[in-house]
J.: 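Once you've had a glance at the structure underneath, I'll fire off some questions.
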Amino acid sequence: MALLEIRNLSVNYRTQRGTVHAVDNVSFDLDSGQHLGVIGESGCGKSTLMRALVRVLPRNGDIVRGEVYFKGRNLLELSEDEMRDLRWSEIATIPQASMDSLNPVQKVGKQLEDILIRRGRHDRATAKRRAVDLFELVGLDVERLGHYPHEYSGGMKQRAVIAMALALNPSLLISDEPLTALDVIVQHQVLEVLKQLEEELNLTIMLATHDISVIAQACDSVVVMYAGRLVEQTDAKTFFSEPAHPYSLGLQQAFPNLVQPKDILVSINGYPPDLHTPPTGCRFAQRCPFAQEACYQSDPVLTSIRDGHLSACLRIGEMDTLRDAARQPHTWLQTEASRLVQQNTHNGKQEPDAVATQHDDDTILRVNQVSKYYQIGGGIAGLIRGQKRQTVYAVNNISFELKRGESLGLAGESGCGKSTTGKMLVKLLEATHGEITFDGIDLRTLHAKNQLEFRRRVQLMFQNPFEALNARFTIYRSLAEPLIIHGWKRDEERLERIIETLERVNLRPAEAFLDKLPHQLSGGQLQRVVLARALVLRPDLIVADEPVSMLDVSVRAGILNTMKALAAEMGLTTIYISHDLSLLQYTCDRIAIMYLGQIVEIGPADEIINNPKHPYTQALIAAVPVPDPKIPSPPLRIRRGVPRPTEIVQGCPFVERCPEAMEACRHIAPPNVQIAGQHATRCHLYGEHADSPKLAPIAAEAIS
């Protein structure tokens, strides 16, 4: 008997517009010890399915049909008290916003002990011992039990939430997007924790995500959801080698791959159907490049291809041919959704803007020995708590140049100084030391009367599209505001520019978006609006801070393709800030790797990815999960945890985590060594101290 059996489960939401059929007739089994990945775009029903299993749906959610058997008991027939006893003890969940799941005013250890006492009926002494065991299990320092959540890094919070989920030894762990917005090092560490749990506890895991590389590294089986339906089910190896549904093919072609980089990422045009009134035929037909007339009339059912491999596609017998065609990006331009986009495009070819001319020798941005320091603590509150005033060295003496039309990626872990650097480049922050020159203008001496023109030419795309727009402004007003500020007085001229810009970012027909509010748009549409707002003034430089970190894989591909095309068309100079090197490899000409406020390696994107020199760059690349279960992620040879940047390191900032550390690394700052061409690194392995004896205790301690 399977640990979990789901039969014909359907979940509806009651809304003002009518009933939303969020999960429709879903059935599958989950065996003990199995790691199941649930894949699909936002709105496909993943989170609703997870919530329905433990019966924590919102008030307007109803389970209208189906059965859910857990260890032979139908969970849908249990009383609320029986279900409450089952949660935590038998079925535990890691919610989607797990980084916000901790009480900010209570120490983490106290929160964990309360769960053990109230739900597990432990006494306080036993609960304290169990809390220590749980922190050791997930790789957290037990001293951190006495700290508050704000004293934890993102990865530490994630592991603490996993520890809480495991507190009462559940049989099933349900995890909803557990790695969203984490940097690659932390993501790798959390994946290692999940693998460790599999080995030590034989834990059964159901993991929902849109990141297929996470599925490849963490799961042994896969179910694919689209528009509330299950469209494919198989083991992980078969899913990546022989996917049998066009939607699965599209997801794989949309995902970047460091090992096998793609020239063009596929964007599945269009959006899932409105589940208030689902279509009568295949729900993916309008976005499918292989759809035939029958697909719009007949609703396909899950059909067995071979033992354990099911797919809901009318052309299942032709799948070998369809797989070959799906690998060609132009195939995905032949969908019904693509044709609708083309029909709504204005006639006539758009010409590049006059500001876009690129010159090979034209340097538009120079950053010379720039530093940014913050003062924290002190004051009356600090005196009361006994805390001294401290300096945070966020950015330390970085230098680089950027030519007109070039794209540069800034990569590194959270807290390395990427976003601070981006804000200094757009003059939202003033540099403490150093010089930033934009098109010959020193930003330190930029006169107030010239700042308005600078703001027109340099724009910032914020990280979170859901918070970057005023929730009370229509899309028209959000885009009109910068035009009004910059002197566009005529309504018809503003409207013409806004419509042109919306269409440039593939929001068509543009007129349909003008009067909408942000909450009426999807995440991908919101990100395109944020891009349109940055472009509406026709800038020369755009700094994009994690522009796609919160988006689905297909939507992300569409945004990246749009930004690449616009950069080429308009001659934009772009700086991408991201922790995902696979994205930077696809979008950037050069990549700079930052660690503790310093650039430790910089060079052409392909050189950085294929021939990394600095041990930290090597660790970042090793941490990027590959969407192929045949290529497991290698173990990281660096110690966990980025030190707090509250003091200037005399030697190499990476010395305490580096497996290659030498005696010189502690005391002497590494030189900037030119490897070849534009490729340079700051590391003693390539400098005059390369032959120094290694400091064995450092190297041994650093390897995790």
J.: Which of these, Gln34, His35, Gln233, sits in a side chain to side chain donor-acceptor pair (under 3.5 Å) with Ser221?
T.: Gln34
J.: When you compare the side chain of Leu249 with that of Val266, does any pair of heavy atoms fall below 4.5 Å?
T.: no
J.: If I take atom CD1 from residue Ile364 and atom NZ from residue Lys403, how far apart are they, to the nearest 0.5 angstrom?
T.: 11.5 Å
J.: Might you point out which heavy atoms bring Ile316 and Ile305 nearest each other, and give the distance in Å?
T.: CD1-CG1, 3.2 Å
J.: Between atom SG of Cys219 and atom CD1 of Ile205, what is the distance when rounded to the nearest 0.5 Å?
T.: 8.0 Å
J.: Drop me the distance from Ile39's CD1 to Phe239's CZ, to the nearest 0.5 angstrom.
T.: 4.0 Å
J.: For the residue pair Val223 and Val26, establish whether any side-chain heavy-atom pair is separated by less than 4.5 Å.
T.: no
J.: Where is the tightest heavy-atom contact between Gln253 and Ala326, given as atom of each residue plus distance?
T.: CG-O, 3.4 Å
J.: Check whether any side-chain heavy atom of Met594 lies under 4.5 Å from a side-chain heavy atom of Thr420, and answer yes or no.
T.: no
J.: ring-ring contact (aromatic ring centres under 6.0 Å, His included) between Tyr595 and His614: does it pass, once the steps are laid out?
T.: CA-CA 11 Å; Tyr595 183 78; His614 198 281; 7.9 Å; no
J.: Using the side chain to side chain contact (heavy atoms under 4.5 Å, CB included) rule, take Gln292 and Leu314 through it: C-alpha gap first, then chi angles, then the decisive distance, then the call.
T.: CA-CA 9 Å; Gln292 299 176 334; Leu314 296 179; over 6 Å; no
J.: Does the side chain of Cys588 reach to within under 4.5 Å of the side chain of Leu408, using non-hydrogen atoms?
T.: no
J.: Using the side chain to side chain donor-acceptor pair (under 3.5 Å) definition, which of the options Arg287, Glu41, His245 pairs with Tyr226?
T.: Arg287
J.: Please check this pair: side chain of Asn561 against backbone of Leu265, looking for a donor-acceptor N/O pair closer than 3.5 Å.
T.: yes
J.: What is the minimum heavy-atom distance between Leu560 and Leu583, and which atoms define it?
T.: CD1-CD2, 3.4 Å
J.: Consider only side-chain N and O atoms of His684 and Glu660, and report whether a donor and an acceptor are under 3.5 Å apart.
T.: no
J.: Donor-acceptor check, side chain of Glu177 to backbone of His210, threshold 3.5 angstrom: yes or no?
T.: yes
J.: In terms of side-chain heavy atoms, does Glu413 have a donor or acceptor partner in Tyr616 at a distance below 3.5 Å?
T.: yes
J.: Looking only at atom types and distance, does a side-chain atom of Ser311 sit under 3.5 Å from a main-chain N or O of Ala244, one as donor and one as acceptor?
T.: yes
J.: To the closest 0.5 Å, what do you measure between CD1 (Ile212) and CZ (Phe240)?
T.: 5.0 Å
J.: Check whether any side-chain N or O of Arg590 sits under 3.5 Å from a backbone N or O of Ile602 as a donor-acceptor pair, and report yes or no.
T.: no
J.: Any heavy-atom pair between the side chains of Leu620 and Val624 that's under 4.5 Å?
T.: no
J.: Is the backbone of Gly412 close enough, under 3.5 Å, to the side chain of Lys418 for a donor and an acceptor to pair up by distance?
T.: yes
J.: For His679, run the side chain to side chain donor-acceptor pair (under 3.5 Å) check against Glu601, Lys613, Gln674 and tell me which one passes.
T.: Glu601
J.: Any idea which heavy atoms bring Val224 and Ser248 closest together, and the distance?
T.: CG2-OG, 3.7 Å
J.: Working note: Lys237 + Asp235, criterion salt bridge (Lys or Arg N to Asp or Glu O under 4.0 Å); need CA distance, chi angles, decisive distance, verdict.
T.: CA-CA 6 Å; Lys237 290 183 179 178; Asp235 62 89; over 6 Å; no
J.: Could you grab the distance from atom OG1 of Thr573 to atom CD of Glu406, nearest 0.5 Å is fine?
T.: 8.0 Å
J.: Taking the side chain as every heavy atom from C-beta outward, state whether Ile575 and Leu365 have any atom pair closer than 4.5 Å.
T.: yes
J.: Take atom CG of Asp324 as the centre, draw a 6.0 Å sphere, and report whether it contains more than 12 heavy atoms from other residues, nucleotides or ligands.
T.: yes
J.: Can you confirm whether Pro261 sits close enough to Tyr586 that some side-chain heavy atom of one is under 4.5 Å from a side-chain heavy atom of the other?
T.: no
J.: Quick one: does Tyr686's side chain get under 4.5 Å of Ile675's, heavy atoms only?
T.: yes
J.: Strictly distance-based, threshold 3.5 Å: is any side-chain N or O of Ser582 a donor or acceptor partner for the main-chain N or O of Asn257?
T.: no
J.: What do the steps show when you test Ile593 against Leu581 for side chain to side chain contact (heavy atoms under 4.5 Å, CB included), and what is the final call?
T.: CA-CA 10 Å; Ile593 307 296; Leu581 284 170; 4.0 Å; yes
J.: Tell me whether Arg528 contacts the main-chain N or O of Leu507 through its side chain, where contact means a donor paired with an acceptor under 3.5 Å.
T.: no
J.: Please walk me through it: do Asn506 and Thr562 pass side chain to side chain donor-acceptor pair (under 3.5 Å)?
T.: CA-CA 8 Å; Asn506 292 326; Thr562 298; 3.2 Å; yes
J.: Taking Ala325's backbone N and O only, do any of them form a donor-acceptor pair with Thr331's side chain (distance below 3.5 Å, no angle check)?
T.: yes
J.: Out of curiosity, Ile609 CD1 to Leu258 CG, how far, rounded to the nearest 0.5 Å?
T.: 5.0 Å
J.: Evaluate Gln217 against Gln187 for side chain to side chain contact (heavy atoms under 4.5 Å, CB included), listing each step before the verdict.
T.: CA-CA 11 Å; Gln217 301 301 321; Gln187 181 173 294; over 6 Å; no
J.: Please confirm whether the backbone N or O of Glu546 pairs with a side-chain atom of His579, one donor and one acceptor, at under 3.5 Å?
T.: no
J.: Taking all non-hydrogen atoms of both residues into account, name the closest pair between Gln527 and Val548 and its distance.
T.: NE2-N, 4.2 Å
J.: Which pair of non-hydrogen atoms, one from Ala622 and one from Pro634, has the smallest distance, and what is that distance?
T.: O-CD, 3.6 Å
J.: If we check ring-ring contact (aromatic ring centres under 6.0 Å, His included) with Tyr247, which of these qualifies: Phe290, Phe284, Trp332?
T.: Phe284
J.: Determine whether Thr421 and Ile577 satisfy the following criterion, side chain to side chain contact (heavy atoms under 4.5 Å, CB included), listing intermediate values before the conclusion.
T.: CA-CA 9 Å; Thr421 299; Ile577 297 172; over 6 Å; no
